[in-house]
Amino acid sequence: MATGFSINEYPNVEQTYKDLRKLVSLPIRSIRKNEMENIIQNYFEKKCSKSKAMITKASEYIPGGVQHNLSFNFPFPLVFTKAAGAYLYDLDGNKYIDFLQAGGPTVLGSNPASVRKKVIELLDSTGPVTGLFHEYEYKLAEKIVELVPSVEMFRMLGSGTEACMASIRVARLATKKKNIVKMGGAYHGWSDQLAYGLRIPGTRHFEANGVPRSIFKYTQEFYPNDLNSLESVLKRNRFFGGTAAVLIEPVGPESGTRPLDLDFNKGVRELCNKYGALLIFDEVVTAFRIGLSGAQGYFGVDPDLTVFGKVVAGGYPSAGGLGGKKEYMKYVSAGLQTGTKKALIGGTMAANPLSSLAGYFTLCEMEKTKACEKSGRAGDRLTKGLQKLIQKYNLPFVAFNQGSICHLETVGTMLLDINIKKFWTIKKTIAEAHKRKHAMEEMGAAYMSEGLVTLAGSRLYTSAADTDAVIDDALKRFDRVFQKVEGV
């Protein structure tokens, strides 16, 4: 067992897929209709009335009423006014256990005092941004190079989306090849070229509304956990411009919703070497959450380029960056001095003093307190407790985790399969996905009414602030939700 990581025991991938396939083959089991009506009326309408009023007003000025996709919850988004450690508090004064953790970046727990103190000191001196160099740009880069073996240089950007865009530009410059191959179902930001094969493998351009299909001329996907699928794409690309890079999430698409075999990444590394493609790890979620050396440290695989986000700024804005070997990072050097053709990247707020300092002190605090291991133990306790509850109520649900990244699949929306050869079935599959997505939203609302904040009702991030008492309290709340499921 690897030490220093949040993963204490890697999930049994074969058994997990058997359980997930069984789940999607069965009718949807969601909250009973009368219970859902009760939750909406007695919790959301009565106990969250201030949130509803504010969201109604916000909808006049903001499309959908919220600015961030994660904020949209059924039946309406809630307004949160305080975050501290393992807890969130809403506008109406309701308290919640926070398993969203801002979408993953706050491994220490929300708003840790040690980092906040340093941020306040910075705001009193430099302020959040100057547009010029600040010492913590250097300190953060040095820390990341120290922690992540494959990273020799680091360039900070404004988001994971920007870092993914930069990575494929660098790969094309470095290899002089054209094609980018991604794992089907993975999300690598919302740029045009990577808005392909989202959520469900095989969807290709179906979710890329507003993007001309011609944009995807040099983007392909392969099926997760299938090296033969990847190699067939790499072979074909030799005759159509070659493959510049293979871009993957090392735990599997959508933060491991479709988990990968333990040795899968090593197989991808070997195929990239064989076909002359760069290997890019998107570690936006996994870098510093799985471990301080990233998922690549856990799996023992060195990518050529690594995409960073979330934890890299410790939960503060402008969280993104690209790291890798010097021979590739030269393509994103700043300034005019260089004889090398450079990738066009930038951003006024990238590497601002606030984000750089917050990222640096977050990593230092995580290292000092062993936050990855603590959050991983919390994830194990939560997952094992959920598995016992699933068994107790004889539910088809599936719970598994990769350390502090926990999955609770109640409908398996993203585990459906698109069969491109049977194109006439695609429309029906997508319709089924939307139906299951609504059931997942209802489960999320039920969790929320019990004071549990999750990511879309199917993913939970634990933090170092999740003590045994917090997790045990959460499991009692999940128990109450499961009692309201159809057939229980």
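All residue numbers in this chain count up from 1 along the given sequence.
Within the 4.5 Å cutoff, no side-chain heavy atoms of Ile280 are placed close to those of Asp304. Residues Leu363 and Val312 have side chains not in contact (no heavy-atom distance under 4.5 Å, counting atoms from C-beta outward). Residues Pro224 and Pro201 are in side-chain contact: their nearest non-hydrogen atoms beyond the backbone lie under 4.5 Å apart. Contact annotation: the side chain of Leu23 never approaches that of Val411 to less than 4.5 Å [non-hydrogen atoms, C-beta and beyond]. Put simply, the side chain of Leu395 reaches to within 4.5 Å of the side chain of Val485, judged on heavy atoms. With contacts defined as side-chain heavy-atom distances shorter than 4.5 Å, the pair Leu271/Val246 does not qualify. Glu365 has its side chain out of reach of Pro112: every pair of non-hydrogen atoms, C-beta onward, lies at least 4.5 Å apart. Inter-residue side-chain proximity for Thr454 and Leu100 is flagged as unmet; no heavy-atom pair is nearer than 4.5 Å.
Note that CG of Leu194 is 12.0 Å distant from CD of Glu221, once rounded to the nearest 0.5 Å. The structure places CD of Glu249 at 8.0 Å from CE of Met183, a figure rounded to the nearest 0.5 Å. Summarising the geometry, atom CZ belonging to Arg377 is positioned 12.0 Å from atom CD1 belonging to Ile471; distances are rounded to the nearest 0.5 Å. A distance of 8.5 Å separates CZ of Phe281 from CZ of Arg269, quoted to the nearest 0.5 Å. Note: Ser463 OG to Asp98 CG = 7.5 Å, rounded to the nearest 0.5 Å. To the nearest 0.5 Å, the span separating CG on Asp466 from NZ on Lys374 amounts to 12.0 Å.
Classified by interplanar angle (parallel below 30°, tilted 30° to 60°, perpendicular above 60°), the ring pair Tyr298/Phe5 is perpendicular.
Not one N or O on the side chain of Thr243 forms a donor-acceptor pair closer than 3.5 Å with the backbone of Ala245. With hydrogens and angles disregarded, no donor-acceptor distance shorter than 3.5 Å links the side chain of Arg258 to the backbone of Gly252. A distance-only check finds no donor-acceptor pair linking the side chain of His188 to the backbone of Gly160 [under 3.5 Å]. The backbone N or O of Tyr461 lies less than 3.5 Å from no partner atom in the side chain of Arg289, so there is not a single donor-acceptor pair. Side-chain atoms of Arg172 come within 3.5 Å of backbone atoms of Lys178 as a donor-acceptor pair (strictly under, hydrogens ignored). A donor-acceptor contact shorter than 3.5 Å links the side chain of Glu283 to the backbone of Gln296. At distances below 3.5 Å, at least one donor-acceptor pair connects side-chain atoms of Glu162 with backbone N or O atoms of Gly158. Using modelled atom types, one side-chain atom of Gln387 and one backbone atom of Ala399 make a donor-acceptor pair closer than 3.5 Å. Although no hydrogens or angles enter the test, the distance criterion places no donor-acceptor pair under 3.5 Å between the side chain of Ser404 and the main chain of Gly376. At least one donor-acceptor pair closer than 3.5 Å links the side chain of Tyr17 to the backbone N or O of Pro259.
Outside the 6.0 Å centre-distance limit, the rings of His205 and Phe216 are not counted as a close aromatic pair. You'll find the ring centres of Phe308 and Phe288 inside the 6.0 Å limit. In this structure, the ring of Tyr96 has its center no less than 6.0 angstrom from the ring center of Tyr87.
The two residues Pro149 and Ser293 come nearest to each other via the heavy atoms CD-CB, 4.0 Å. Between Ile345 and Ala166 the shortest heavy-atom distance is CG2-CB, 3.7 Å. For the pair Gly103 and Lys310, the tightest heavy-atom approach, listed with the atom from each and the gap, is O-NZ, 3.1 Å. Shown here for Val24 and Arg436, the closest heavy-atom pair between the two residues is O-NH2, 3.2 Å. Scanning both residues, Gly323 and Val151, for their nearest heavy atoms gives CA-CG1, 3.9 Å. Of all the heavy atoms in Gly4 and Cys372, the pair that sits closest is O-CB, 4.3 Å.
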Start with the C-alpha gap between Lys274 and Glu270, add the side-chain angles, then the distance that decides, and say whether salt bridge (charged side-chain N to carboxylate O under 4.0 Å, His left out) holds.
CA-CA 6 Å; Lys274 181 177 177 180; Glu270 289 168 6; over 6 Å; no

After noting the C-alpha distance and the side-chain angles of Glu231 and Tyr275, does the key distance pass the side chain to side chain donor-acceptor pair (under 3.5 Å) rule?
CA-CA 9 Å; Glu231 186 161 24; Tyr275 289 93; 2.7 Å; yes

Check against side chain to side chain contact (heavy atoms under 4.5 Å, CB included), Glu254 and Arg199:
CA-CA 7 Å; Glu254 285 288 345; Arg199 298 185 179 90; 4.1 Å; yes

Show your reasoning for whether side chain to side chain contact (heavy atoms under 4.5 Å, CB included) applies to Asn179 and Thr219.
CA-CA 6 Å; Asn179 292 283; Thr219 306; over 6 Å; no

Would Val481 and Ile31 count as a side chain to side chain contact (heavy atoms under 4.5 Å, CB included) here? Give the steps.
CA-CA 8 Å; Val481 173; Ile31 302 298; 4.0 Å; yes

Verdict with supporting geometry, Lys476 and Asp472, side chain to side chain contact (heavy atoms under 4.5 Å, CB included)
CA-CA 7 Å; Lys476 290 176 184 175; Asp472 292 345; 5.5 Å; no

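Partner of Val181 under the side-chain contact (heavy atoms from CB on, under 4.5 Å) criterion, out of Leu247, Asn237, Val268: Asn237 alone. Ser375 pairs with exactly one of Leu108, Val107, Thr106 by the side-chain contact (heavy atoms from CB on, under 4.5 Å) rule, that one being Val107.
Taking 4.0 Å as the cut-off between side-chain N and carboxylate O, Asp282 and Lys182 do not count as a salt-bridged pair. The pair Glu450-Lys484 counts as a salt bridge, with a side-chain nitrogen and a carboxylate oxygen less than 4.0 angstrom apart. Salt-bridge check for Asp473 with Arg477: passed, with a basic side-chain N closer than 4.0 Å to an acidic carboxylate O. For the pair Asp479 and Lys392, the salt-bridge criterion is met [side-chain N within less than 4.0 Å of a carboxylate O]. A salt bridge is absent between Lys33 and Glu486: the closest approach of a Lys/Arg side-chain nitrogen to an acidic carboxylate oxygen does not fall below 4.0 angstrom.
Judged by distance alone, the side chains of Tyr10 and Gln402 never bring a donor and an acceptor atom under 3.5 Å apart.
Counting non-hydrogen atoms of neighbouring residues, nucleotides and ligands closer than 6.0 angstrom, the NZ atom of Lys325 exceeds 12 such neighbours.
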